[in-house]
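One structure below.
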Amino acid sequence: MRLDVILRIITKLLLPFMLMFALFVHFHGDFSPGGGFQAGVIIAAAVVFHALVFGLYPTQKIVPMWFAELLMPLGVAIYTGVGFLTMALGENFLGYNVLYFDPKYAQERGVIWIEVGILTTVSGTMISIFYAFAGRGRQK
Amino acid sequence: MAAGPVEVGSFNFMDQLPALQVALPMFAATLAAVVRKGNIAWLIALMTSLSMPIIAVLLLHQTFEQGVISYEMGGWEPPIGIEYRVDTANAYVLVIISIIAAIVMPYAKRVVEADIPAEHQSYYYTMYLMCLCGLLGITITGDAFNAFVFLEISSLSTYAMIAMGRDRRALMAAYQYLIMGTVGATLYVIGVGLLYAMTGTLNFNDLSGRIADLGPQRPVLAALAFITVGLSLKIALFPLHKWLPNSYAYAPSMATVFLAATATKVAIYLLVRVYFTIYGPADIVASHDVDTLVLILSLAAMFVASFVACFQLNVERMLAFSSVAQIGYITLGISFASQTGLTGGLVHLVNHAFMKGALFMATGALMLRAGSVKLDDLAGIARKMPITMAAFVLAGLSLIGVPGTVGFVSKWYLASASFEAGQGWLAFAIMLSSLIAVIYIGRVVEVVYFREPSPAVERITKEVPVSMLLPMWLMVVACFYFGINADLTANTAASAADVFLSAIGNASTGGE
Amino acid sequence: MSEALINMVLLTLLAAITIGVVRARNLFGVVILSGIYSFLIASVMMVLDAPDVAMTEASVGAGISTVLMLGVLYLTKTHESVPNTTSYAPFFVAAAVFAMLVYGTIDLPPFGSADQPINTHVGPDYLARAFKETGIPNVVTAVLASYRGFDTLGEAAVVFTAGIGIMMLLRRRKKAGEDGEAEK
Amino acid sequence: MLEDIVNYYNYFITLFLMSAGLYIVVARGNMVKKLVGLGLFQTSVYLLYLSPGKILGGTPPILGEGFTVFANPLPHVLILTAIVVGVATLALGLALVVRINEAFGTIEETEIFENGSEVDPPEPDNKAGGL
């Protein structure tokens, strides 16, 4: 892992594009294949990629374990939160129509938020799982 | 509420009950995962568990008042959207699960502190809440695929809970359960997929009408077979029960209590829902002898599993085999497809939950003080823990079916149903298998009361705390209260049975 | 017809890979083959006009699953031991399921036809309504996030449940550097 | 005859994959292999759902100018969920395998059961498996 300067530089160059691609997949999910789940997986892949090239501990300096673990419940909480919000506004659970005066935009608004929830949970979970497996070590 | 301009209304608690029943534990689980302190997570789980019966009872009340409640998730009308469909039958199951959850939670604190390392306790309660959420979700939903998703939520959390047992064999138990449970769930999905390909819908109610139109075509029949086998794996219907004994024996005490009292019941409910609501109008179950098959397997479970239970050296394993046998009673009642039989099966759902809950709470208490539930290690322990063992004996009497206990009520209904069906010998079989229960409960009683305590037992100084004894005795009292005054449980079970039977087609009379 | 042909070729390859997976004893090979299997099935999904699913299967089946399994092989071992006894029972179980499935699927509507129940009952309603009601042209996203949004909540909950379960099983809090708070 | 083959080839292969997956699960004692088999079993179900949704000559269900025939979106949504459920199960299973390997020193079911599951086994030795 000493002489792989090219690998490291290319990784650093690639990572922003990976994250940008994830955002594209996320927000363009309304118009083309993709969405929160796929974007979450790509974000997690970027972190895993970083960890493979630079090692586990440098990566955990940037994305700490506790942060990844926090993302897991946070996403589900956002998702159910949207449900409770629509409920409080008088619609049924996850009935997005009340989120805006025009139902069409209200739907889009609701969809964006729940996709954020999925993205959060999925990326957090995938990163945490990777950390958990990687941190296990071959011998006790 | 269909799409279209929607005015901002106001929150109506009574209308939102079905969603709250499932969404609250899910949200609480995320909170419990964030706090990372075992005590606070327990408090969150306790609060949620205590609020669940309130919602469930209100729902049951609503079904009595206004009949079937249809709740449209996201405001989309079924079958476009997912529907929560609450009738007396599933409200009844919701009440059972949530009451058990509410009783288990106060008990849980001490055993979890003993079983689970401190840094994992909050996650453990998270898993419990997700399991509760999954079980409630399966029960309340009116959509076949949604039921699968929640089945997996409850299963995955169950595997994780079982694997946290102190014994390393808990890991193997969890792994085997994971394999068999996933095969079961996948078979269920195959069945649903075949139905979907034939009808184009996933909504129970919609499916029911469309299958009645299709009649007994081959994919429909194959779907029935796949769903039956898949759910039987989840139910642990004999001979697909291999995962259950080890899972219950090696899981942490709290998981054993909770799962033994609830998990298999929900799978049974789902199977009954499929048989009666989906296949009922087409009258396929009875005309293709599926009920006879279930009857034979139930009988086999009642005898073989009870018999195996007699030879167990580990009390929790013994009770687990007894659970397999008791599941046989429930499915026996269902196989009659008659008012009395179904009532018997459904009332045994709640009765078995109470008595097994009490029994496993007692073994959990033994585990906490004696560190083992092997029969040899428990000699004379009744002298040290008289209150726990008294609860064990009383719940055991109920398991045997002594008059005045809930076990007797269930067996009374089942026996009457056998006579009604013109198969009196079944009543005799029910009695005979109860006698086997006398043997295995008797063995435990003999060891704990009449043998000299071992040095390890001598070292036990005190009973378990009141927070554990109280829930345990609450279950025992329920075993006797509903045994003497069975109106509440039996009448509700009878209304639930009516719901299921009302769906059966009038093409033939069904059943035997 | 060419669509159907590509579909059939890919499916045949899939079956061939599956035979390889069944027969291989080297677990490393098994994992790689199952990765190829996932890519192939993702291609089949593309042919079946399901790009969303294909994308997910490629990233999940060939990506995450393969990485996790390779990780586990690194932690455990890479060769499967050959059992001393051969049993025909598993074969009969598989054959029985196969027979049951043949029985069940032989009356299903033929592949690719537009007039089968699933293409006449609920499915077309989504295609007709989705854009009008949600403004989302990708109907899969509209159904996923809105019409059946509750299933997707369940899906997120499944991921969350598995994640917490794995953390409980595998995480070691004590180790320095593993936890941001515990560092130093 | 040829038409029948084209019509049911998807289902036929799906059934083959399903049976093969189930066979691995039932027949093999190696835990990782079992999980791979379970994966095959689950993956084959995806085809069972997706195949009927395809309309020959159609396009993916993304509305746009010039397209009229679309595949049925509902199976896609269901299978997206099923894939996620599948990988979640696989990940949890693999985590269990890692722990079992640490506790028992093997990932072969037969070796664990030969030790006897009722007798209390000796303390685990954490031998690293050979490559």
Partner set under side chain to side chain contact (heavy atoms under 4.5 Å, CB included) for A/Val47, not counting sequence neighbours: A/Thr59, A/Val63, A/Ile127, A/Tyr131
Under 4.5 Å from a heavy atom of chain C, the part of A/Glu115 involved: side chain
Is it the case that over 12 heavy atoms from other parts of the model lie below 6.0 angstrom from the CZ atom of A/Phe49? yes
Minimal non-hydrogen separation, A/Gln107 against C/Ser146, with atom names: OE1-OG, 2.5 Å
To the nearest 0.5 Å, how far apart are CG in A/Leu74 and CZ in C/Phe160? 10.5 Å
Assess whether atom CZ of A/Phe17 is packed by more than 12 heavy atoms of other residues, nucleotides or ligands within 6.0 Å. no
Anything in residues 48-61 of chain C with a heavy-atom distance to chain A below 4.5 Å? Please list those residues in order. C/Pro51, C/Asp52, C/Met55, C/Thr56, C/Ser59, C/Val60
Side-chain (A/Tyr96) to main-chain (C/Ala145) donor-acceptor, under 3.5 angstrom: yes
May I ask you to list the residues in residues 64-72 of chain C that approach chain A closer than 4.5 angstrom, counting heavy atoms only, ordered by number? C/Ile64, C/Leu68, C/Val72
Taking atom CZ of C/Phe98 as the centre, report whether more than 12 heavy atoms of other residues, nucleotides or ligands fall under 6.0 Å from it. yes
Report the option among A/Val76, A/Leu71, A/Val25 that has the most heavy-atom pairs separated by less than 4.5 Å from atoms of chain C. A/Val76
Separation between CG (C/Leu153) and CZ (A/Phe93), nearest 0.5 Å, reads 5.5 Å
Among residues at least two apart in sequence or on other chains, which ones pass side chain to side chain donor-acceptor pair (under 3.5 Å) with C/Asn7? D/Asn10
With heavy-atom distances below 4.5 Å as the criterion, would you say the side chains of C/Ile164 and A/Met72 are in contact? yes
Out of C/Val158, C/Val159, C/Ile166, which one pairs with A/Thr125 under the side chain to side chain contact (heavy atoms under 4.5 Å, CB included) rule? C/Val159
Non-hydrogen atoms of chain C under 4.5 Å away: do they reach the side chain of A/Val82, the backbone, both or neither? neither
Less than 4.5 Å to any heavy atom of chain A: does that hold for the side chain of C/Val140, its backbone, both, or neither? neither
Where is the tightest heavy-atom contact between A/Phe133 and C/Leu75, given as atom of each residue plus distance? O-CD1, 4.0 Å
Side-chain contact, heavy-atom cut-off 4.5 Å: A/Ile118 with C/Thr152? yes
Working to the nearest 0.5 Å, report the span between OG1 of C/Thr141 and NE2 of A/His28. 11.0 Å
Please give me the minimum heavy-atom distance between C/Ala156 and A/Tyr79, naming the atom from each residue. CB-CD1, 4.4 Å
Between A/Ile129 and chain C, with a heavy-atom cut-off of 4.5 Å, which part of the residue counts as in contact: side chain, backbone, both or neither? both
